[in-house]
Amino acid sequence: MLILGLESSCDETAAAVVAGDRRVLSHKLAGQEADHAPFGGVVPEIAARAHGEQLPGLVRGALAEAGVTLADVDAVAATAGPGLIGGVMVGLVTAKALALSAGKPLITVNHLEGHAYSPRLVEPGLAFPYLLLLVSGGHCQLLEVRGVGRFRRLATTIDDAVGEAFDKTAKILGLGFPGGPAVERAAATGDPFAVPLPRPLLGTQEPHFSFAGLKSAVLRARDAGTHSVPDIAASFQQAAVECLVDRTERALARAVDVTALVVAGGVAANRRVRSALEAVATARAVPFVAPPGWLCTDNAAMIAWAGVERLREGLTDSLDAPARARWPLDPDAEPARGAGVKA
Ligand code: KG4
Ligand code: ZN
């Protein structure tokens, strides 16, 4: 089985060819950092235009590097949401055109589902159900991944996503954009206990996350002018990691039948986040799986792999499938207190 996957939901444009036996035959990626850097964040209109310009070349490149043509693939998979709607539409419509012209099935993939199965691309032994901490720029959730298309959301953020908190901290500290890797680099030379920062919701009975208060505390710490940038970055990262650990420990203690603790999404590329979560799994004698860094941040290999997972279940979509700005993995999940903004 060969799947061509496309990704365009935020600020990475990507195309990849992945085989059913887990070989990543090619994965091509074009970032837009330079386009968005002057604005300190992703500008949706600029992102959509850039996807439209980059995607055809990336598709051609991915097919060529894989040594295949469109006629050789079994289906075309594309992110159909959630994300910035202009960009999602560029990728989805491109996939529809390719599928239509080559007479191949279309597979629409939920971007979060792409992150959720990505550990199975690199870990053949990872079986459902597993506990997933999904940490990205737009989301911070704990999910039971029970099967293909079967998710139970256990927790979400009541305000900011953790990646958003990294990005805002970077902006506050003048570390540039994208923020996560910049904060991690600055933190490497700082003292993680130099600045007293809050750990929102730590130890509470409710399952959810919160990062808005932490971000505001970073702003106050900077304005106080008494701490160095590396110390504030390291202290922020320490507080964020402790929040992730506490909420994940709580969920893992209550999970009855999970095969593993898994972390995915852009923030899972962070070394402190990975090692702290690995310790949580080890303490409970549960296997731990984290994809390699390139597979944590947005890419098309995970979308192509989700296409493999879905096609195996016979799940394909019609050419009038909609692009969705909001698309929760578990539509039946109880809304979190104070939420209503984050799907
Ligand atoms: O999954 P992703 O690439 O895109 C979304 O679906 O949102 O995640 C991007 C997020 C950004 O907030 C970025 O700052 C964060 O992941 N990130 C990191 C690191 N690398 C990326 N956060 C902390 N440490 C990192 N090394
Ligand atoms: Zn993502």
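Numbering of ligands and ligand atoms starts at 1, following listing order.
- Using a 4.0 Å heavy-atom cutoff, P181 is listed among the residues neighbouring ligand 1.
- When only non-hydrogen protein atoms are considered, atom 26 (N) of ligand 1 lies nearest to E184 OE1, 2.8 Å.
- Side chain to side chain, D330 and Q141 fail the donor-acceptor criterion of an N or O pair below 3.5 Å.
- With respect to the salt-bridge test (charged N to carboxylate O, under 4.0 angstrom), the residues E278 and R274 do not qualify.
- Remark: ligand 1 atoms within the under-4.0 Å shell around heavy atoms of H115 are 1 (O), 6 (O).
- Looking at K96, its side chain does come within 3.5 Å of a backbone N or O of L319 through a donor-acceptor pair.
- Here H208 contributes atom NE2 and D159 contributes atom CG; the two are 11.5 Å apart, rounded to the nearest 0.5 Å.
- Taking the six-membered ring wherever Trp is involved, the centroid distance between the rings of H111 and W327 does not fall below 6.0 Å.
- Near the Zn ion (ligand 2), less than 2.8 Å away, sit the protein N, O or S atoms H111 NE2, H115 NE2, D298 OD1.
- A perpendicular orientation is assigned to the rings of Y117 and F128, their planes being inclined by more than 60° (bins at 30° and 60°).
- Cluster partners of L29 are absent, since no Ile, Leu, Val, Met, Phe, Trp or Tyr has side-chain heavy atoms less than 4.5 Å from it.
- Using a 4.0 Å cut-off between charged side-chain N and carboxylate O, D74 and K104 make no salt bridge.
- Among protein heavy atoms, atom 13 (C) of ligand 1 sits closest to D167 OD1, 3.7 Å.
- Atom 17 (N) of ligand 1 has as its closest protein heavy atom G266 O, 3.5 Å.
- Under the side-chain contact (heavy atoms from CB on, under 4.5 Å) rule, V280 has a single partner from L252, V263, V286, which is L252.
- If you check the side chains of R247 and T157, you find no donor sitting under 3.5 Å from an acceptor.
- The protein heavy atom nearest to atom 10 (C) of ligand 1 is G137 N, 3.4 Å.
- Scanning the protein for heavy atoms near atom 18 (C) of ligand 1, the closest one is G180 CA, 3.5 Å.
- The V267 neighbourhood of ligand 1 comprises atoms 15 (C), 16 (O), 18 (C), 22 (N), with distances under 4.0 Å to a heavy atom of that residue.
- Look at E184 and R272 and you find no salt bridge, because none of the NZ, NE, NH1 or NH2 atoms lies under 4.0 Å from a carboxylate O.
- The closest approach between any non-hydrogen atom of R271 and ligand 1 is not below 4.0 Å.
- Here H111 has side-chain heavy atoms under 4.0 Å from ligand 1, and that is the only part of it that gets that close.
- The protein heavy atom nearest to atom 24 (N) of ligand 1 is N270 ND2, 3.0 Å.
- Looking only at heavy atoms of the protein, atom 2 (P) of ligand 1 is closest to D298 OD1, 3.2 Å.
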